[in-house]
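Residue numbers count from 1 along this sequence. Computed from heavy atoms alone, side chains included, the values below leave out hydrogens, waters and symmetry copies. Not measured: the values here are computed from a predicted model.
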Amino acid sequence: MHDAYEAEPILEKLPLQIESIACHGKDVLLVGTKQGHLLVYSIKSASGDERFAVNLLRSNKSFAKKPIQQLTCVPEFQILISLSDNVISVHDLTGYSHITALNKTRGATLFAVDLQKEKSLSGGCTYKLRMCVAVKRKLQLFYWQNRDFHELQSDLGVPDVPKSMSWCVNSLCVGFKRDYFLIKLDGGLKELFPTGKQLEPTVTRLAEDKLALGRDEMSIFIDSEGAPTQKYALTWNDIPIIIEYDAPYMIAVLPRYVEIRTIEPRLLVQSIDLQKPRFITLGSGHVYIASSHFVWRLVPVPITVQIRELLQDKQFELALHLADMTDEVEADKQRRIQHIQNLYAFDLFSQHRFEESMQIFGKLGTDPAQVIGLFPDLLPQDYRNQLEYPSKPPELSGSELEKGLLGLIEYLTHKRNEIVKHMSQELSNPMAIVQGSTTIRSKKQLSQIVDTTLLKCYLQTNDALVAPLLRLKDNNCHIEESERVLKKHQKYSELIILYQKKGLHRKALDLLLRQSQKPNSPLKGHDRTVQYLQHLGSDHFDLISDFALWVLKAYPEDGLKIFTEDTPEVDGLPRDKVLAYLEQNACTRDLAVPYLEHIILNCHEDNPEFHNKLIHLYRERVQVMMKDYILSLPEGQDPAKTGKEPGDLGELRNKLLFFLETSLHYVPEKLLTYFPFDSFFEERALLLGRLGRHEQALAIYAHILKDTKMAEDYCRRNYDPDKEGNKNVYLCLLKMYINPPDASTLGVMVNAESAKPNIDASLCVLKLHQYKIDMAKALDLIPSTVQVKDVCKFLECVLEDGSAKKRNNQILKSLLYSEHLQVKEQKIYYQSSKCTITDEKICKVCKKKIGNSAFARYPNGIIVHFYCCKDRNFCPFDV
């Protein structure tokens, strides 16, 4: 408890019995007596022993004939409303002269006024005054205008005689002997709750739309719809006689003393012993309490003094309410409020109310380093020892520490988002928990502290969140500190992520290499190294070369994926350097072929150097394997005539042949000399064909390999009637069969008797491909020894083909001539009609003369300007 008010006596042992009091202005107190006298006092501050100088300004003995039951001042209209002898009267507030008496209110027992403040269009303020008078079981409604009260609407019937009432927006809350009701001005009636044991209900207006209703020792808070506004009621030590609200305090007049409490938080603030208090009034910031013969003024203790006492008692919520009511400069007020809020947040933390504490720290913009320092082992000890707090922070451990860390995580996450969002802006001065303490001003340093602390919190609460934090592109975890705590918790996978995001790739790869050999390590094996190297990119090729070697030696296939994975980083590696790297190491040389196959077949590499290189590697391997194969053959068997080689040799040679046949990017001139003359006949034939040397290629198929099917397949692949070098390829084959060249022309090392004429094969070529062979040149090649019957079929087909072409050409000529005649006839038809443009010719669209302008004529003879012709297929004036 603290002192919010000091009770100062104003009137003592008044000879007249007080029945009502009211006040207005800075120093005017009105006292209504049982004898009907109105006493007007001036209350001014005094010096010396007496705190107030009290002067009787007016004693109006003829104010009323009966006791003055109720008084209300309305200084905005300079009127005094009173209830005496069960009639409402209105007096002037300056001279207290009588203005009017409302005869309709005869029999009144109670009244309530409602002053509404509105802004006018000119920017000033206007006021509207309403009054409700309780007359037996009716409520009479009036409004003030032109110095008189007028009826607002017809009377409202109520179920009982009102004992207490107050306005609430466009409703009236009325307390009866047993119940409270909310009565709408349109006549709607809502029952609230019983009044309890007390026979005199109390209705206290807190704000325009909030009320406090008494129920025995409790005050229940409702809004204008009758709904509760507070979860808990306010409880008094006795049943209040009357209650007034002087924000933020509820002042209740109890039978033996005055009790002062607050609504939020619910606190007993002060108890003031007074002699049988009965009445209370508020006006112009003053509170007066009266008994039958005494009057006291409740003088507020200076707010700054109250705040100081409240802070000592750790009543921060009430201190914040009071701080917001001070008359300080706005900047000083905000500093005071923020200081109190920091102390409040620290106190909540000390009570282990971590979530509420962190929310306040977050709203205040308190220095995050000072908030983090409340927890153990999150900041370096030297730095934490420099931080100042209102008292020693509590020692946290176990479940309480985990609960606190969860609250801190939410706070730091929100703070981190703020820093990232406003990264380009200057860091505003953070608040210190204790005024005058040093705070962090560098945004970079603050970001490091926040991210590193988040990392530590995750390690202690939910380590599954460590990796996502480290993967953030804007994470600013302090490298050395994060490295230390991750090693301490043996979070090597997360440590790899930290190294990777900070660009410390060599440290990451060193750690992966060391951990790969440890049997119980989560990084055991080579997979993580392969994945890491795959994402480094061309800028780190030297680093890739250093750490890929141990994987390539131990796991060649997986190691090759470092250079062949389908990722942008791998695709961007310099392929010439990768190939050179694979070839320069004896343990990786065999991987050059699969690497070249990958970049050519999968990545569609078209660099001739890579295509030539793959062919050379195929050839070298085939040569090595061919030697072993030849040694395994029976004595006297020619390897060139064995057909398809078995096993790996046959598979590899098929790859070489397929690649020579399908690749379009190798350079045959550079390759041909590397293929020996005494072997690789098919390969040399493909290379010769690629060079356009079809006769030599076909000679190899026809006379060295003696495979007519392969020769015909070669012709089928290379035949092109529109290409000069390829349209006579079948004629070349015919020539090779009839006039075989000698060994020197073939360009291979063979026996002379290998090349002999093959008339049967030549006749078969004539028979199957007669339409692809020049007849005249073919007849010149056929020896005279060949009988006519052998070439009869060929000649018949050629002559039939010639005749068919002649007939087709004649038909086409006739059709073209007929079409020519039709076009000519159509031209004559169109030329037969004419149009004459005269000086008087008018455009049908714009109604202007055609003149020398370009014009358009529709089929129906309508003539318009060319630029007026919107659609040549449709005439708008067609008739």
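- A salt bridge links Arg51 with Glu6; the closest basic N to acidic carboxylate O contact falls under 4.0 Å.
- With hydrogens and angles left out, the side-chain atoms of Asn170 and Arg130 include a donor and acceptor closer than 3.5 Å.
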Cut-off 3.5 Å, no hydrogens considered: what does the side-chain donor-acceptor table look like for residues 187-195, sequence neighbours left out?
| residue | atom | partner | partner atom | Å |
| --- | --- | --- | --- | --- |
| Lys190 | NZ | Glu225 | O | 2.7 |
| Thr195 | OG1 | Lys177 | O | 3.1 |
| Thr195 | OG1 | Arg178 | O | 3.3 |

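- In this structure, Ser59 and Leu39 approach most closely via the heavy-atom pair OG-CD2, 3.4 Å.
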Which pairs would a plain distance check flag for residues 307-316, meaning a side-chain donor or acceptor within less than 3.5 Å of a matching protein atom at least two apart in sequence or in another chain?
none

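- For the pair Ser82 (side chain) and Leu71 (backbone), a donor-acceptor distance under 3.5 Å is absent.
- For Phe349 and Phe354, the ring centers are positioned less than 6.0 Å apart.
- Between the side chains of Asp347 and Gln351, at least one donor N or O sits under 3.5 Å from an acceptor N or O.
- With no hydrogens or angles considered, no side-chain donor-acceptor pair links Gln334 and Gln338 at under 3.5 Å.
- Of the charged side-chain nitrogens involved, at least one lies within less than 4.0 Å of a carboxylate oxygen, so that Glu356 and Arg353 count as a salt-bridged pair.
- Using a 4.0 Å cut-off between a side-chain N of Lys or Arg and a carboxylate O of Asp or Glu, Glu418 and Lys415 qualify as a salt bridge.
- Note that Arg261 lies outside the cation-pi zone of Tyr249, set by a 6.0 Å cut-off to the ring centre and a 45° limit from the axis.
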**Report entry** Residues Ile21, Leu30; criterion side-chain contact (heavy atoms from CB on, under 4.5 Å); working and verdict
**Finding:** CA-CA 6 Å; Ile21 58 174; Leu30 291 84; over 6 Å; no
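- The residues Arg137 and Asp155 are annotated as not salt-bridged, no charged nitrogen and carboxylate oxygen being separated by less than 4.0 angstrom.
- In this structure, the ring of His150 has its center less than 6.0 angstrom from the ring center of Tyr143.
- For Cys168 against Ser224, the heavy-atom pair with the smallest separation is SG-CA, 3.5 Å.
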Report task. Go through the steps for Leu172 and Trp167 under the test side-chain contact (heavy atoms from CB on, under 4.5 Å), then give the verdict. Result -> CA-CA 5 Å; Leu172 285 159; Trp167 287 86; 3.6 Å; yes
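- Side-chain atoms of His286 come within 3.5 Å of backbone atoms of Lys26 as a donor-acceptor pair (strictly under, hydrogens ignored).
- Distance alone, capped at 3.5 Å, is enough to place a donor-acceptor pair between the Gln270 side chain and the Ala4 backbone.
- Closest approach of Ile241 and Pro277 over heavy atoms only: CD1-O, 3.8 Å.
- Heavy atoms only, all atoms of each residue included: Ala112 and Met165 are closest at N-CE, 3.7 Å.
- With hydrogens and angles left out, the side-chain atoms of His293 and Gln17 include no donor and acceptor closer than 3.5 Å.
- With respect to the salt-bridge test (charged N to carboxylate O, under 4.0 angstrom), the residues Glu19 and Lys34 do not qualify.
- Heavy atoms only, all atoms of each residue included: Tyr180 and Gly175 are closest at CD2-CA, 3.5 Å.
- Of all heavy-atom pairs between Gln370 and Tyr389, the closest is O-OH, 2.6 Å.
- No salt bridge links Asp327 with Lys333; every basic N to acidic carboxylate O contact stays at or beyond 4.0 Å.
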